[in-house]
4 protein chains.
Amino acid sequence: MSEEFQASKPIYIQIADRLINRIVRRELLPGDKLPSVRELALQSGVNPNTVQRTYSEMERMGIVETRRGQGTFVTEKDDILMGIKVRMKNDIIDAFVKNMMDLGLTKGEIIDGLNNFLVEDGGERNENRP
Amino acid sequence: MSEEFQASKPIYIQIADRLINRIVRRELLPGDKLPSVRELALQSGVNPNTVQRTYSEMERMGIVETRRGQGTFVTEKDDILMGIKVRMKNDIIDAFVKNMMDLGLTKGEIIDGLNNFLVEDGGERNENRP
Amino acid sequence: MSEEFQASKPIYIQIADRLINRIVRRELLPGDKLPSVRELALQSGVNPNTVQRTYSEMERMGIVETRRGQGTFVTEKDDILMGIKVRMKNDIIDAFVKNMMDLGLTKGEIIDGLNNFLVEDGGERNENRP
Amino acid sequence: MSEEFQASKPIYIQIADRLINRIVRRELLPGDKLPSVRELALQSGVNPNTVQRTYSEMERMGIVETRRGQGTFVTEKDDILMGIKVRMKNDIIDAFVKNMMDLGLTKGEIIDGLNNFLVEDGGERNENRP
DNA sequence: GTGGTCTAGACCACA
DNA sequence: GTGGTCTAGACCACC
């Protein structure tokens, strides 16, 4: 039942990324209860301390709220969730353009490269590939 | 004369990234001599061991060659350099699309997001920005 | 408790060679934990940085995997280990034949020389010799 | 006209190895004059200091003799040359068997491995392959 | 506890 | 001069 993590990133960040992705995709809705620390730790095959750190980080970002004795819940402040999604999107685009320009590519080449990729390969894409 | 490094990435990687960018952009040409370990260490304000590590990593990647007692040189195997550039480009695009799709965006939204960014903000972008 | 190293080869390579030999001989099995950096440094009488370099090199070769905060483990990808063993074997044979032929020996002389050696001297050979 | 050297070994050793191989193969005979330092340096595309070091090393081994003002000559003491050849051969075999046994191979497997190699691949072998 | 990075300073072989 | 290795000692993030 334990999952695989890549070595390059802290595990607690990788777990947070997955949860955040499910939240911004609306698979987890505002007010939904997240699994308990122990349960998620078991599912993920990691130390409960690591999950605890994930939840702390997400609470710091305002994405979840913990209610003592009840658990951890997706925040119901929807504007926060939307803001996070917009910010993440902008960060991703910004980093992408910076990286491509650092390679010496022009704006036109960047767009072309993306289009080629989406036409050839993007159709089969899913999040379960290795 | 010392430069600034961001805390999130190892310094020796950041130095390598800068050099690699200059190489793939053809600011440094095949056969060119790189600064000596000690010289680049002084320029960058880091310990010579750190630069040494940068050069080791780049040699492992096949980007540079070291000649005993003479120095470190950009490899003259041009196909390797091209291969590296292509691979880096593909990796960047791949990560970009994955990240955007993880946010729940469609292919059309990804392209739109990029186009908006390049129109609004990309024009001022240049290699001298921080 | 400190061990001896020969001057001709880097210490971090010699330590790696020993570990790799134990792994391909199945004295260390896939999934086994290697000693911590500090522990092996103490055992070997070298600086922890040197052992660190050994482990980095072995990870680069795909022989071991490091799990953050947990330690360094023999990879469980058994095919990689077998591939490394085969490659090492081929490299050794290749170098041997090249060296012998460079001396002007024929294929028959090479085989004879090896047979003579194994009959006369090879019998006493064992893994505990210095 | 300059030749290629591998990075792993000192150039002055690689040059010595080539000369010694030609001597033990009797392509260079006792009493033959070797090229002058400057000439060999030009041919090999290296610094004359490097060739000088090659000749010093070979003189130390008793393989060549330098006569002031005349040049460097293959020693006419044939027993020395034979002794060197025998010693080199033994060293090569010894290292080969040690390396193979370190991989956990038995004597039978070592002989089999060598035979397979010589049958399949050894026929096309020559010293000019990359 | 673990591995990863960095500095300071030293020594070495090589060209 | 060059790169390569090693030690000593420190700090860090992660689990």
Side-chain angles (χ1 to χ4, degrees), chain A residues 5 7-15 41 44-54 56-57, chain B residues 2 5 7-15 33-41 44-59 64-73, chain C residues 2 5 7-15 33-41 44-59 64-73, chain D residues 5 7-15 41 44-54 56-57:
Chain A
F5 295 96
S8 56
K9 250 189 188 179
I11 290 175
Y12 80 94
I13 297 280
Q14 296 183 51
I15 296 175
S44 307
V46 302
N47 192 297
N49 288 334
T50 304
V51 175
Q52 184 57 266
R53 197 162 172 184
T54 295
S56 302
E57 182 68 11
Chain B
S2 77
F5 294 97
S8 57
K9 254 191 189 177
I11 291 174
Y12 77 92
I13 298 280
Q14 298 183 50
I15 296 175
K33 186 179 182 305
L34 297 182
S36 79
V37 168
R38 292 161 178 82
E39 187 184 341
L40 184 49
S44 305
V46 301
N47 189 286
N49 281 333
T50 303
V51 175
Q52 175 72 286
R53 206 165 167 182
T54 296
Y55 281 0
S56 299
E57 183 69 12
M58 291 175 72
E59 185 172 26
V64 300
E65 295 168 359
T66 63
R67 298 186 203 134
R68 347 178 38 95
Q70 298 187 47
T72 304
F73 300 81
Chain C
S2 77
F5 294 97
S8 57
K9 253 190 191 177
I11 292 175
Y12 77 91
I13 297 279
Q14 296 183 51
I15 296 175
K33 184 179 183 306
L34 297 182
S36 79
V37 168
R38 291 160 178 82
E39 188 183 342
L40 184 49
S44 305
V46 301
N47 189 286
N49 280 333
T50 304
V51 174
Q52 177 70 283
R53 204 164 167 184
T54 295
Y55 281 179
S56 299
E57 183 68 11
M58 291 175 72
E59 186 173 25
V64 300
E65 294 167 1
T66 65
R67 298 185 204 133
R68 346 178 39 95
Q70 298 188 47
T72 305
F73 301 81
Chain D
F5 295 97
S8 57
K9 249 190 187 177
I11 290 175
Y12 80 95
I13 298 277
Q14 297 185 51
I15 295 175
S44 306
V46 302
N47 191 297
N49 289 333
T50 304
V51 175
Q52 185 58 265
R53 198 161 172 182
T54 296
S56 302
E57 181 68 9

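The shown structure was predicted, so the numbers you read here are calculated from the model rather than taken from an experiment. Residue numbers start from 1 in every chain, and the chains themselves are labelled A, B, ... in the order their sequence lines are given, proteins ahead of strands.
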> Could you state the CD-P distance from Gln14(D) to dA13(E), rounded to the nearest angstrom?
Replying inline: 18 Å
> Once you round it to whole Å, what is the distance between C1' of dT2(F) and CD of Glu59(B)?
Replying inline: 13 Å
>> To check you understand the geometry: which heavy-atom pair defines the closest contact between Pro35(B) and Leu40(B), and what is its length?
In response: CB-CB, 4.0 Å
> In B/S/- notation, 5' to 3', how is nucleotides 7-15 of chain F contacted by protein heavy atoms closer than 4.0 Å?
Replying inline: BBB----BS
>> A side-chain contact here means heavy atoms from C-beta on lying under 4.5 Å apart; do Met58(C) and Thr54(C) qualify?
In response: yes
> Checking only heavy atoms, does the side chain of Gln52(B) share a donor-acceptor pair with the base of dG3(F) at less than 3.5 Å?
Replying inline: no
> Closest approach of Glu59(C) and Thr66(C), non-hydrogen atoms and distance?
Replying inline: OE2-OG1, 3.2 Å
>> Taking 4.0 Å as the cut-off, does a side-chain nitrogen or oxygen of Ser36(C) come that near to OP1 or OP2 on dG1(E)?
In response: no
> Which heavy atom of Phe5(C) sits nearest a heavy atom of Val46(C), and at what distance?
Replying inline: CE1-CG1, 3.8 Å
> Which atom pair, heavy atoms only, marks the closest approach of Gln14(B) to Lys9(B)?
Replying inline: NE2-O, 2.7 Å
> OP1, OP2 of dG3(F) versus side-chain N and O of Thr72(B): anything below 4.0 Å?
Replying inline: yes
>> For DNA chain E, please output the secondary structure as dot-bracket, reading 5' to 3'. Pairs are Watson-Crick or G-U wobble, both atom distances under 3.5 Å; mark crossing pairs with [ ], other-strand partners with |, unpaired with a dot.
In response: ||||||||||||||.
>> Which heavy atom of Val37(B) sits nearest to which heavy atom of Pro48(B), and what is that distance?
In response: CG1-O, 3.4 Å
> Could you give the distance from NZ (Lys33(C)) to OG1 (Thr72(C)), rounded to the nearest 0.5 Å?
Replying inline: 7.0 Å
> Can you tell me how far C1' of dT5(F) sits from CD1 of Ile15(C), to the nearest Å?
Replying inline: 12 Å
> Between Phe5(C) (CZ) and dT5(F) (P), how many Å, whole number?
Replying inline: 15 Å
> Between Leu34(C) and Tyr55(C), which heavy-atom pair has the shortest distance, and what is it?
Replying inline: CB-OH, 3.4 Å
